[in-house]
Chemist: 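Can you keep this structure in mind? I'll have questions shortly.
Residue numbers begin at 1 in each chain, while the letters A, B, ... track the order of the sequences. Because only heavy atoms are used, hydrogens play no part in the values below, and waters and symmetry mates are left out as well, while side chains stay in. All figures in this text were calculated on a predicted structure; none of them were measured in a lab.
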There are 2 protein chains.
Amino acid sequence: MDKALLEKFKDTLHTNGMKCTPARLSIFKEIYSSSEHFDADEIYFRMRQEKKSVSRATVYRTLDLLVENGFVSKVNVGASQVHFENTLAQEHHEHLVCTQCGKVIEFRNDMIEKQQDKICKKFGFFPTKHNLIIFGLCDKCQLRDN
Amino acid sequence: MDKALLEKFKDTLHTNGMKCTPARLSIFKEIYSSSEHFDADEIYFRMRQEKKSVSRATVYRTLDLLVENGFVSKVNVGASQVHFENTLAQEHHEHLVCTQCGKVIEFRNDMIEKQQDKICKKFGFFPTKHNLIIFGLCDKCQLRDN
DNA sequence: ACTGTAATTGAAACTCATTCTCATTTAGAA
DNA sequence: TTCTAAATGAGAATGAGTTTCAATTACAGT
Ligand SMILES: [Zn+2]
Ligand SMILES: [Zn+2]
Ligand SMILES: [Zn+2]
Ligand SMILES: [Zn+2]
């Protein structure tokens with residue numbers, strides 16, 4: 001995990017008058033230790049396995065804080081829990097989600113991005129974020145059963 | 001509300017071996033009485049006001065059934081409850097959602113649709129549905145406050 | 001029209017992700 | 001080192017949605 005990133009997080013905490021606690025730092029590191037999507041409980045369990053336990057409440061509170069400050073973003077993959085992914089270690093992208101096996105494919109398309117800007121301009125809308133998610137069947141699941 | 005649409009619903013019930021009950025019919029009519037977005041509880045309360053009470057469980061069960069059969073689709077507007085909108089009384093579209101006042105603007109963009117097809121082809125992905133939602137500030141909310 | 005029966009319903013119990021409460025601990029300013 | 005507001009953990013609470021189950025009902029077959 002990138003050292004500059006950790007510094008940026010510490011800065012954010014500092015400039016917002018928030019304390020730089022061990023819990024926050026280790027949650028941050030855990031999240032930035034991979035680029036996979038995750039939910040709150042996954043982080044909670046991964047951390048206890050690594051003997052760096054924090055309470056669920058703190059995981060949720062820290063996730064909020066990270067979303068609020070742009071380090072993490074919410075990803076709707078049609079699950080009952082909110083899913084997240086870190087934002088600064090990877091480029092902005094959208095998702096294809098297989099409703100059969102859960103596989104997630106990421107993609108990026110500049111034309112779609114541009115059209116969105118165009119649309120926002122048309123409506124005098126100031127966009128802050130967006131999600132495009134396409135549900136369907138991945139190549140493998142199309143071959144399996146009906 | 002369109003009579004042919006109600007017949008189509010009855011047909012669907014029939015061909016799927018489901019019973020055509022008063023509860024289902026009145027929930028269907030309620031949903032197709034407007035093109036607004038709604039959540040399960042809204043339908044529940046609207047119906048008791050109109051003295052056509054059904055239980056919450058039945059509202060949820062009927063909504064599932066309607067989604068399953070393409071009469072209604074889920075709309076993610078960033079709320080804690082699942083939102084819905086009817087699909088057959090209006091064209092497919094995407095959403096702009098103002099995070100300040102909750103205003104929802106609907107739009108349609110063929111180029112975005114085409115690009116999605118292209119992407120799915122590229123990944124051998126068979127799309128069944130998609131959601132594009134852009135969060136931000138509507139024109140009015142940009143003028144208000146900071 | 002009448003019957004039998006499986007589907008549907010309502011009420012209430014339940015689930016489970018997330019949020020809240022509050023007593024205790026702690027980061028970090030002075 | 002001291003002080004204090006912020007953060008934490010444990011567990012209670014919330015709330016959307018689901019499940020259970022006994023009672024009701026649509027409707028296929030007579
Ligand atoms: Zn992703
Ligand atoms: Zn995008
Ligand atoms: Zn809409
Ligand atoms: Zn579309």
Chemist: Under 4.0 Å: is that the gap between some side-chain N or O of B:R24 and OP1 or OP2 of C:dT8?
Modeler: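 For C:dT8, OP1 or OP2 has a side-chain N or O of B:R24 closer than 4.0 Å.
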
Chemist: Could you pick out which residue, B:Y60 or B:P22, lies toward the 5' side of DNA chain D when each is mapped onto its nearest nucleotide?
Modeler: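 Comparing both residues, the 5'-ward one is B:Y60.
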
Chemist: Among C:dA11, C:dA6, C:dT18, which is the nearest nucleotide to the side chain of B:A57?
Modeler: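 The closest nucleotide is C:dA11.
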
Chemist: Are B:I31 and B:V75 linked, directly or through other ILVMFWY residues, by side chains that come within less than 4.5 angstrom of each other?
Modeler: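 They do not share one cluster, since no chain of ILVMFWY contacts under 4.5 Å joins B:I31 to B:V75.
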
Chemist: Calculate the interatomic distance between B:L25 atom CG and C:dT9 atom P; express it in whole Å.
Modeler: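 Distance, rounded to whole Å: 10 Å.
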
Chemist: Say whether A:H37 and A:E106, considering side chains only, have a donor N or O and an acceptor N or O under 3.5 Å apart.
Modeler: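 Their side chains do contain a donor-acceptor pair, which is all the 3.5 Å distance test asks for.
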
Chemist: First and last nucleotide of DNA chain D in contact with chain B, 5' to 3', at under 4.0 Å to a heavy atom: what are they?
Modeler: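 Both ends considered, the range comes out as D:dA16 to D:dC27.
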
Chemist: C:dA17, C:dG28, C:dT8: which one has an atom nearest the side-chain heavy atoms of A:Q81?
Modeler: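 Selected nucleotide (nearest to the side chain): C:dA17.
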
Chemist: Can you check the A:Y44 OH to C:dC16 C1' distance for me, whole Å?
Modeler: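 That distance rounds to 15 Å.
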
Chemist: For the residue pair A:Y32 and A:F28, does the interplanar ring angle fall in the parallel (under 30°), tilted (30 to 60°) or perpendicular (over 60°) class?
Modeler: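 Taking A:F28 first and then A:Y32, their aromatic rings sit tilted (interplane angle of 30° to 60°).
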
Chemist: Side-chain N or O of A:R61 less than 4.0 angstrom from OP1 or OP2 on C:dT18?
Modeler: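 No.
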
Chemist: Would you please classify the geometry between the A:F84 ring and the A:F38 ring as parallel, tilted or perpendicular, with 30° and 60° separating the classes?
Modeler: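 Judged by the thresholds at 30° and 60°, the geometry between A:F38 and A:F84 is parallel.
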
Chemist: How many Å lie between CG on A:D41 and P on C:dT19, as a whole number?
Modeler: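 Result: 12 Å.
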
Chemist: Can you tell me the distance, in whole Å, between the CG atom of A:N76 and the P atom of C:dA17?
Modeler: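 My rounded result for the distance is 16 Å.
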
Chemist: Using the closest heavy atom to pick a nucleotide of DNA chain D for each, name whichever of B:T21 or B:D39 lands nearer the 5' end.
Modeler: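 The residue closer to the strand's 5' end, by nearest nucleotide, is B:D39.
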
Chemist: Taking only N and O in the side chain of B:T58, is any of them less than 4.0 Å away from OP1 or OP2 of C:dG10?
Modeler: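 For B:T58, the contact criterion (side-chain N or O under 4.0 Å from OP1 or OP2 of C:dG10) is met.
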
Chemist: Which whole-number value in Å describes the distance from B:K19 NZ to C:dG4 C1'?
Modeler: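 Taking NZ of B:K19 and C1' of C:dG4, I get 11 Å after rounding.
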
Chemist: Between B:K52 (NZ) and C:dG10 (P), how many Å, whole number?
Modeler: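 From B:K52 NZ to C:dG10 P: 14 Å.
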
Chemist: Decide if the gap between the ring center of B:F123 and the ring center of A:F107 is smaller than 6.0 angstrom.
Modeler: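 Not under 6.0 Å, so no.
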
Chemist: Tell me the interatomic distance from B:D64, atom CG, to C:dA7, atom C1', rounded to whole angstroms.
Modeler: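 Nearest whole value for this atom pair: 16 Å.
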
Chemist: B:R56 CZ to C:dA13 P: how many Å, rounded?
Modeler: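 Answer to the nearest Å: 15 Å.
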
Chemist: Taking atom types as modelled, is there a side-chain donor on A:H93 or A:E85 under 3.5 Å from an acceptor on the other?
Modeler: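 Their side chains do contain a donor-acceptor pair, which is all the 3.5 Å distance test asks for.
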
Chemist: Would you say the side chains of B:Q90 and B:H92 form a donor-acceptor pair under 3.5 Å?
Modeler: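 No pair is found: no donor N or O on one side chain lies under 3.5 Å from an acceptor on the other.
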
